[in-house]
K.L.:
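If you scroll down you'll find the structure; I have some questions about it.
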Amino acid sequence: MNTPIIDNFNHIISVIKEVFAFYKLPPKPIQTIVVTKNQPIENIIPLLEDGHRLFGENKVQEAYEKWPQLKERYSDIELHLIGPLQSNKVKKALDLFDAIQVIDRESVIDTLTKHSDLIKPHHQFFIQVNIGNEPQKSGVLVSDFPELLTYAKNHAIKISGLMCIPPQDQDPVNYFMMMQSLCRQNGNLKLSAGMSSDYKQAILCGADYIRIGSAIFL
Ligand SMILES: *Cc1c(COP(=O)(O)O)cnc(C)c1O
């Protein structure tokens, strides 16, 4: 079954391969998170039927309207929360999501600790870094990041990666490079960076996870 959605997804995968070949990058797996915010289930099913299992949602509530039924029908789905998380939604998020990419303050870590009985071995946690230090954006400020990482460690929340959304209308490369060095300086954390408009640059800067929405759902 080849729908435009599958074609678009396959196109992204082939572009990733081309980037690796053209720049002679050492091979490594790139995890493509298909971002399904605002997408109805009918648009998600073709991807699941095609075997894709890695998805991202922005809102806990919206995710609950779609993913419990999909997780029942398809095994091994890995769902990442990539939008802002309020402390009062942490418990629900732990129940549905396999990864939370948006930890950006101590209170969220406190709440995770409070519900540590819900944390399963497969759960992954990422710190979101406000890499452009933009006042209106979520993510921990770069200057506050080391302290937050230590705070997570001290509270037995294992951080496996860092996530960022660079400032719009600017060349993202410098921001991606800063994220890459933060990852390397802190024990080779995974990097979640790159969206439809800038995933190629993100891959060149060492992204492990890219998050693609509009380029797939056009
Ligand atoms: C919507 C969204 C994406 C996907 O963006 P596109 O430009 O549609 O590919 C990635 N990351 C986050 C945090 C998002 O909110």
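Whatever order the structure lists ligands and atoms in, that order sets their numbers, starting from 1.
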K.L.:
Enumerate the atoms of ligand 1 whose separation from the nearest heavy atom of Ile165 is less than 4.0 angstrom.
P.N.:
13 (C)

K.L.:
Tell me: protein heavy atom nearest atom 9 (O) of ligand 1, and distance?
P.N.:
Ser196 OG, 2.5 Å

K.L.:
Output the list of atoms in ligand 1 that are nearer than 4.0 Å to some heavy atom of Ser214, sorted by atom number.
P.N.:
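Near Ser214, the atoms of ligand 1 are 6 (P), 7 (O), 8 (O), 9 (O).
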
K.L.:
Please list, in number order, the atoms of ligand 1 under 4.0 Å from a heavy atom of Ile212.
P.N.:
9 (O)

K.L.:
Under 4.5 Å between any side-chain heavy atoms of Thr32 and Phe9, yes or no?
P.N.:
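Yes. Closest side-chain heavy atoms under 4.5 Å.
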
K.L.:
If the test is side-chain contact (heavy atoms from CB on, under 4.5 Å), which one of Val34, Asn38, Ile212, Val35 qualifies with Phe217?
P.N.:
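In the set Val34, Asn38, Ile212, Val35, the residue that makes a side-chain contact (heavy atoms from CB on, under 4.5 Å) with Phe217 is Val34.
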
K.L.:
So between Met195, Lys37, Arg211, whose heavy atom ends up nearest atom 14 (C) of ligand 1?
P.N.:
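Closest candidate by heavy-atom distance is Lys37.
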
K.L.:
Are Lys158 and Phe125 in a cation-pi contact, defined as NZ or CZ under 6.0 Å from the six-membered ring centre and within 45° of the axis?
P.N.:
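Cation-pi check for Lys158 and Phe125: fails.
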
K.L.:
When you compare the side chains of Asp110 and Tyr151, does any donor N or O come within less than 3.5 Å of an acceptor on the partner?
P.N.:
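Tyr151 and Asp110 do have a side-chain donor-acceptor pair below 3.5 Å.
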
K.L.:
Taking the side chain from His11 and the backbone from Ala215, do they hold a donor-acceptor pair closer than 3.5 Å?
P.N.:
no

K.L.:
Below 3.5 Å, N or O to N or O, backbone or side chain included: is there any such pair between Gly213 and ligand 1?
P.N.:
yes

K.L.:
Considering both backbone and side-chain atoms of Ser197, is one of its nitrogen or oxygen atoms within less than 3.5 Å of a nitrogen or oxygen in ligand 1?
P.N.:
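No, no N or O pair falls under 3.5 Å.
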
K.L.:
Taking 4.0 angstrom as the limit and counting only heavy atoms of Ile82, give me the atoms of ligand 1 inside it, by number and element.
P.N.:
11 (N), 12 (C), 13 (C), 14 (C)

K.L.:
Should you measure from each heavy atom of Asn58, which atoms of ligand 1 turn up under 4.0 Å away?
P.N.:
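Answer for ligand 1: 14 (C), 15 (O).
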
K.L.:
Could you label the plane-to-plane angle of the Phe126 and Tyr209 rings as parallel, tilted or perpendicular, counting under 30° as parallel and over 60° as perpendicular?
P.N.:
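It falls in the perpendicular class, over 60°.
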
K.L.:
We want to know whether Glu78 and His80 form a side-chain donor-acceptor pair, criterion being a heavy-atom distance below 3.5 angstrom.
P.N.:
yes

